[in-house]
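The figures here come from the full heavy-atom set of this structure, side chains too, leaving out hydrogens, waters and symmetry mates. Naming convention: chains lettered A, B, ... in sequence-line order (proteins, then strands); numbering from 1 in each chain.
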Amino acid sequence: MRYSQMLIPTTRENPAEAEVVSHRLLLRGGFIRKLTSGLYTFLPLGLLTLQKVAAIVREEMNRAGAQELLMPMVQPADLWQESGRWQKYGAELLRFRDRHQRDYCLGPTHEEVITDLARRELRSYRQLPVNLYQIQTKFRDEIRPRFGLMRCREFVMKDAYSFDVSDEAASKSYEVMRDAYHRIFRRCGLDFRAVEADTGTIGGSFSHEFMVLADTGEDTLVICSHCDYAANVEKARVALPEDGMAQEEMAPMARVATPGMKKVERVAGFLGTTPDRVIKTMLYLADGEPVAALVRGDREVQSVKLKNLLGATEVEPMPDDEIWQRTKLPAGYMGPVNIGIRLVADQEVMRMVNAVAGANEKGHHLTGVNPGRDFQPDLTGDLRQITTDDPCPECGGSLTLTEGIEVGHIFKLGTGYSEAMKATFQDRDGTEKHFVMGCYGIGVSRVVAAAIEQNHDEHGIIFPLPLAPFQVIVLNLGVNSEATSRAAEQIYHDLQAAGLDVLYDDRDERPGAKFKDADLIGIPFRVTVGRTWEKEGKIELRRRATGETVTMDYDGAVGRISAMIRDELAGQR
RNA sequence: CGGGGCGUAGCGCAGCCUGGUUAGCGCGCCUGCCUUGGGAGCAGGAGGUCGGAGGUUCGAAUCCUCUCGCCCCGACCA
């Protein structure tokens, strides 16, 4: 491709709207342009990059035995009513009516459509297992789209769905996908981890997220430094030490005045104790109902864990100004004793002895509070956020926290959808059985953003070779010299003939501008035909990633370069 | 939706507080000359209903009201 004929609107200055690196560089490099919040046009360079990712995904999915199909983006409401998600999915599901006043939605995901297809077309166990996937635009009416391609409303996703005869078979399908995902992200040149994850609105019993490690990630992961345990903090199990029981006589409960002492630290300091001897009471709304969650004073509630423990679909902290109004409890002085609303306690709280807790009376706390004796929670379990002070739940090793970008998520769905939608097949013994399903997503457009988050410097993007829109850029630094231009053109043609993706910068620009643009758009290899060619008959090859530059004879250069690129690609496969 | 910030030329910004000529600057764009190894220089030029509506005023980018949009922090997720 000739640079002069391609729309690559690079900018020198940073766009005001972009804060994170990938967003900034995608805009500056002329990969994307914003239409409106959360909606982006992929410009030619952006589309090429997206297609590179899609090609890798497609290749590995096919290799794993999955079949590609394409489902409609517009989906009828009745399918969603059947699965129950028309009510459950919430405002993220964009709904609308057609001219006949029939309800539809734009597909945020395709469990309903695929399950409908399966129940019509898959009749016999002989047809199973089946794994069907598509690469398609999804629409989710996100509360807050942000960070460019990282979190859009419209985005490109690969979604796959597996159908199996049994749970064991489904587990096998799941493992096949897990392996495929590892290959995909490895081939994309990304530093990633597969972590245990929460299942969210998709539902299901078991899932892993694939996280690209990057500071701008929206998720936090815990990673064990000794074994291969890794988990999303939303999910990470907190191990309860065997010998955590305090050896202390239970004291009688006493009411003390603690005027103005709302924060745990202040109460503890005032009463001459430490936050780990205080029971912290946090109020939440679980599906609209008030719930009190108890954790030790030096811990934080993990609301996803709370949600799962309660079996709720939505949990949010109760706004301060609603606490009194809804519960008649004084914010800052709440405690578990005679609280009068649903009570959930972290496992650790149940071991506390002679704790301090709010008295449910303004300006007062209780001392000598003992769980089991003075209050009995409705539920107990693992409720708190894990910290780096906690041991690894698998091996007891030490944990570190890292930010991550979720680029893939795989779920074991079980029979939830097939039961709701009566999707069955006839098994070997003649009985009708529900399909055991799995679903597997990859944010194809997000992979592009994640790759940039992980691979850039102050000059611009440094694309991993497999994702780069072009593998080589040829700079003609002598567009006004016929001889130089002829040499550059020849190299351009020969590299193309060797099967490489080549961008040929034939613009009438000064060298500086060409170097800057080449760096900005992140093409892995740069060939320069200019002064050194004119003087010594040599050309220059420079690697974007390392800055390493070699000069080589013009003759034979194309062979050397294409061999180098092929070797590198083969090595990553 | 709650909290914070911003809308002035294609992009980045100044001007607004304290109303008053023809609304500026840098980059980019067009023409010519010149230049060609890290975003050159000179000369000339095009480009704006100051997000929109209403109001105050002799007079509004500037003050007031409403409204729309965008960005950032939280819940959501590939």
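Using a 4.0 Å cut-off between charged side-chain N and carboxylate O, A:Glu289 and A:Arg342 make no salt bridge. A:Lys514 has a carboxylate O that lies under 4.0 Å from a charged side-chain N of A:Asp505, or vice versa, which qualifies the two as a salt bridge.
A heavy-atom distance below 4.0 Å to RNA chain B is reached by these residues of residues 514-523 of chain A, ordered by number: A:Phe515, A:Lys516, A:Asp517, A:Asp519.
Sorted by first and then second residue, the pairs that involve residues 28-39 of chain A and meet side chain to side chain donor-acceptor pair (under 3.5 Å), not counting sequence neighbours, are A:Glu17-A:Lys34.
The shortest distance between the side-chain N/O atoms of A:Arg12 and the OP1/OP2 oxygens of B:G28 is below 4.0 Å. In terms of phosphate contacts, A:Arg510 brings a side-chain nitrogen or oxygen within less than 4.0 Å of OP1 or OP2 of B:A40.
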Only distances under 3.5 Å count here; give the side-chain donor-acceptor pairs of residues 484-491 of chain A to other protein atoms, sequence neighbours excluded, each with its distance to 0.1 Å.
unit_1, atom_1, unit_2, atom_2, d
A:Thr484, OG1, A:Ser481, OG, 2.8
A:Thr484, OG1, A:Glu534, OE2, 2.7
A:Ser485, OG, A:Asn476, ND2, 3.2
A:Ser485, OG, A:Gly478, O, 3.1
A:Ser485, OG, A:Val479, O, 3.4
A:Ser485, OG, A:Ser481, O, 3.0
A:Glu489, OE1, A:Arg2, NH2, 2.7
A:Glu489, OE2, A:Arg2, NH1, 3.1
A:Glu489, OE2, A:Arg2, NH2, 3.3
A:Gln490, NE2, A:Asp494, OD1, 3.1

Letter per nucleotide, 5' to 3', of nucleotides 67-72 of chain B [B base touched, S only sugar-phosphate touched, - untouched; heavy atoms, 4.0 Å]: --SSSB
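Every side chain to side chain contact (heavy atoms under 4.5 Å, CB included) that A:Ala118 has, sequence neighbours left out, goes to A:Leu122, A:Phe163, A:Phe435. Evaluation of the side chain to side chain donor-acceptor pair (under 3.5 Å) rule for A:Arg544 yields A:Asp457 as partners, not counting sequence neighbours.
In this structure, CD of A:Glu142 is placed 9 Å from P of B:C77, rounded to the nearest angstrom. As rounded to whole Å, 13 Å separates atom P of B:A75 from atom CE of A:Met282.
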